[in-house]
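What follows is one structure encoded as structure tokens, with my remarks underneath.
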Amino acid sequence: MEIKVHRGEGPLQHVIEIGQHRILTDAPRMYGGEETGPEPHDLLAASLAACTAITVRMYANRKNMDLQDIDVRIEHGHQGDAYVFTRRIRYIGKLSEEEQQRLTDIANKCPVHKTLEGQMRIVTETMPQAA
């Protein structure tokens, strides 16, 4: 899937196109933005939270666990020389401690979690200017 980003209406606002979906991103006012959408680090944290919730839900459904809902919260920011995501998960339903621990193990295996903890490489290529 290709993701496209182009300028939006504000001074720093951009439109993210992911297939048929569109999301606005912007910068905080202190950096010249208008806060019309989440900033990029927030989108990254949201990806981790969403992937966690979906992965855990899929597993719980397959195992017929009584997971009625899942509350995932991410705090993120620089701590020293690292960027840290602190993920807090609340399982809602009639689950044993063993089931909750298994769900946490599964949360740690969600694809976005594995990507963020693994080795990444970014390849940047320039495209010809539009005429």
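Predicted model only: the values in this text are computed from it and were never measured. All residue numbers in this chain count up from 1 along the given sequence.
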Gln68 side chain to Ile92 backbone, donor-acceptor under 3.5 Å: no
Aromatic plane relationship, His41 with Tyr83 - under 30° parallel, 30 to 60° tilted, over 60° perpendicular: parallel
Test item: Val56 and Cys110 side chains (from C-beta on) under 4.5 Å apart, heavy atoms: no
Nearest-0.5 Å distance that lies between atom NZ in Lys63 and atom CD1 in Ile106: 8.5 Å
Non-hydrogen atoms of Glu39 and Pro28 that approach each other most closely: OE2-CG, 3.7 Å
Side chain proximity check, Gln13 to Leu24, heavy atoms < 4.5 angstrom: yes
Where Thr52 and Ala107 come nearest, the two heavy atoms and their spacing: CG2-CB, 3.8 Å
ILVMFWY cluster, Leu43 and Ile3 together (side-chain gap under 4.5 Å): yes
Salt-bridge contact Asp71-Arg90 (side-chain N to carboxylate O under 4.0 Å): yes
Asn61 and Met58, any side-chain heavy atoms less than 4.5 Å apart: no
Common cluster, Val72/Leu116, ILVMFWY with side-chain heavy-atom separation under 4.5 Å: yes
Non-hydrogen atoms of Asp26 and Gly33 that approach each other most closely: OD1-CA, 3.6 Å
From CD1 (Ile23) to CD (Glu17), nearest 0.5 Å: 11.0 Å
Same cluster (ILVMFWY, side-chain, under 4.5 Å), Leu12 and Val15: no
Contact summary for Tyr91 and Leu103, nearest pair of heavy atoms: OH-C, 3.3 Å
Non-hydrogen side-chain atoms of Arg102 and Tyr59 separated by less than 4.5 Å: yes
Rounded distance [0.5 Å steps], CZ in Arg88 versus CZ in Arg73: 9.5 Å
Derivation of the side-chain contact (heavy atoms from CB on, under 4.5 Å) call for His6 and His14: CA-CA 5 Å; His6 59 86; His14 282 76; 5.8 Å; no
Heavy-atom side-chain proximity of Leu48 to His113 below 4.5 angstrom: yes
For Met65 against Glu99, the heavy-atom pair lying closest together: CG-OE2, 3.8 Å
Shared hydrophobic cluster, Val112 / Ile16 (ILVMFWY, side-chain heavy atoms < 4.5 Å): no
Atom pair CD1 (Ile74) and CG (Leu44), whose distance is rounded to the nearest 0.5 Å: 9.5 Å
Residue Glu9 excluded, over 12 heavy atoms near CD under 6.0 Å: no
Heavy-atom pair with the smallest gap, counting every atom of Leu67 and Arg57: O-NH1, 2.7 Å
